[in-house]
Peer 1: 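Sharing a structure below in structure tokens format, with a few things to ask.
Note that this is a predicted model, so its numbers are computed, not measured. We count ligands from 1, going down the list as the structure has it; atoms in each ligand are counted the same way.
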Amino acid sequence: MVSVHLEKVSKLFGTVRAVDNVSLDIKEGELFFLLGPSGCGKTTCLRIVAGFYEPDEGQLRFGTRMMNRVPPHLRNTGMVFQNYALWPHMTVFENVEYGLTLRKFSAAERRKKVMEALEIVRMTEHAHKSPNQLSGGQQQRVALARALVIEPEVLLLDEPLSNLDAKLRLEMRQEIKRIHKETHLTAIYVTHDQKEALSIADRMAVMNAGRVEQVGTPREVYRRPANRFVAEFIGETNFIPGKIGRISPMVARVETPVGPLLALRPAQTFHEGASVLCCIRPEALSFVAEHATVDNHVDAVIESVIYLGDQEQYQLHLDKAGDAEWSRVKVTVLNPGEPQRAPGQRVTLFLNPEDIAVLPATG
Ligand code: ATP
């Protein structure tokens, strides 16, 4: 187990800064996610850690060891790819054994380690099969066993679940979490799937255009996004613009066109009058009986309702927002019962201060 550090790392392809001044400190034994849209540089970061690319600028360290110039086969990293990359002419056992043969382990040691790795991924009974006799999920388990068998210091996973169907993906998420817990490995996992990252990451870095926008736990990144990009990338959200009115030790008061909104004091420093966005998730808004005479209550008209079984999704127009582009908000009601509201109806919404994240208006 080792910590992994990127210090001001950049990687250029021609004039494209695929990775742009990225600094990350990944702790020993952490399941750390690199999350972001296609082309944001997450795979390039992973390849830098694996040693397939050398950084053009900055430093990569494993613990205190400088790794920039260490070739991939001397890094002791195990990699799992999206397409499994198993050898079709070898059995499951042989696929997993291969890395040990290269490392000159004896036959007895190889057998012991392969069976242990297959045990961890629950594939022992398929050891003699060829990869094409296995389902996608089983092939990915074998690919994991192959990465684990060499007892890597760092496990690297590059979109490992993207080739699986939705149900299997959910199942394998939990499997990866379990395997990570059992092995205590430092693992770096690349994905563009927010749910995957939210559901199993210890911490994650959200990337955009080669840069890291925010590092945090799933809860921090979802509930306290650092900026608009992160808020929009990690799920649905509503934005109400305003200006900081007053900040006390606990609370920020934001003057908005729909009235003053109290929010928990943001981590960032804003001065009075600063332009901000109040970010509120659809499930954090609730319908209330009273009218908008108290703080954090706003009047709205329901425009549409979609019933989805486990939830109801509303689109509403905020009364005082006119035709501003942010005038429509989404509200999600979980576990809806009998129909209670219909399009055209006037309602009042409550915006809980604890659920409002105050973000800079730009960026
Ligand atoms: P995806 O989810 O689509 O794999 P990503 O976030 O992993 O995307 P990267 O593959 O790291 O992104 O690519 C980052 C940028 O660098 C992109 O603009 C990409 O086109 C460019 N890039 C990546 N690899 C190379 C390469 N070998 N040669 C030239 N450009 C590259």
Peer 1: Starting from the N and O atoms of ligand 1, find every protein N or O within less than 3.5 Å and list the pair with its distance.
Peer 2:
residue  : atom   : partner : partner atom : Å
ligand 1 : 2 (O)  : K42     : NZ           : 2.7
ligand 1 : 3 (O)  : S38     : OG           : 2.6
ligand 1 : 6 (O)  : G39     : N            : 3.4
ligand 1 : 6 (O)  : C40     : N            : 3.0
ligand 1 : 6 (O)  : G41     : N            : 3.0
ligand 1 : 6 (O)  : K42     : N            : 3.2
ligand 1 : 6 (O)  : K42     : NZ           : 2.9
ligand 1 : 7 (O)  : T43     : N            : 2.9
ligand 1 : 7 (O)  : T43     : OG1          : 2.5
ligand 1 : 8 (O)  : G39     : N            : 2.7
ligand 1 : 11 (O) : T44     : N            : 2.9
ligand 1 : 11 (O) : T44     : OG1          : 2.5
ligand 1 : 12 (O) : G41     : N            : 3.2
ligand 1 : 27 (N) : Y53     : OH           : 3.4

Peer 1: I200 and L31: which non-hydrogen atoms are nearest, and at how many Å?
Peer 2: O-CD2, 3.4 Å
Peer 1: Using the salt bridge (Lys or Arg N to Asp or Glu O under 4.0 Å) criterion, which residues pair with E255? Sequence neighbours excluded.
Peer 2: R253
Peer 1: Applying ring-ring contact (aromatic ring centres under 6.0 Å, His included) as the test, list every pair that has at least one member in residues 118-147; sequence neighbours left out.
Peer 2: none
Peer 1: Can you give me the closest heavy-atom contact between A205 and L24, atom names plus distance?
Peer 2: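 Heavy atoms of A205 and L24 come nearest at CB-CD2, 3.8 Å.
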Peer 1: Could you name each residue pair satisfying ring-ring contact (aromatic ring centres under 6.0 Å, His included) that touches residues 6-25, not counting sequence neighbours?
Peer 2: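 For residues 6-25, and leaving out neighbouring residues, the ring-ring contact (aromatic ring centres under 6.0 Å, His included) pairs sorted by first residue read F13-Y53.
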Peer 1: Verify the ring-centre separation between F287 and Y314: is it less than 6.0 angstrom?
Peer 2: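 Judged by ring-centre distance (under 6.0 Å), Y314 and F287 do meet the cut-off.
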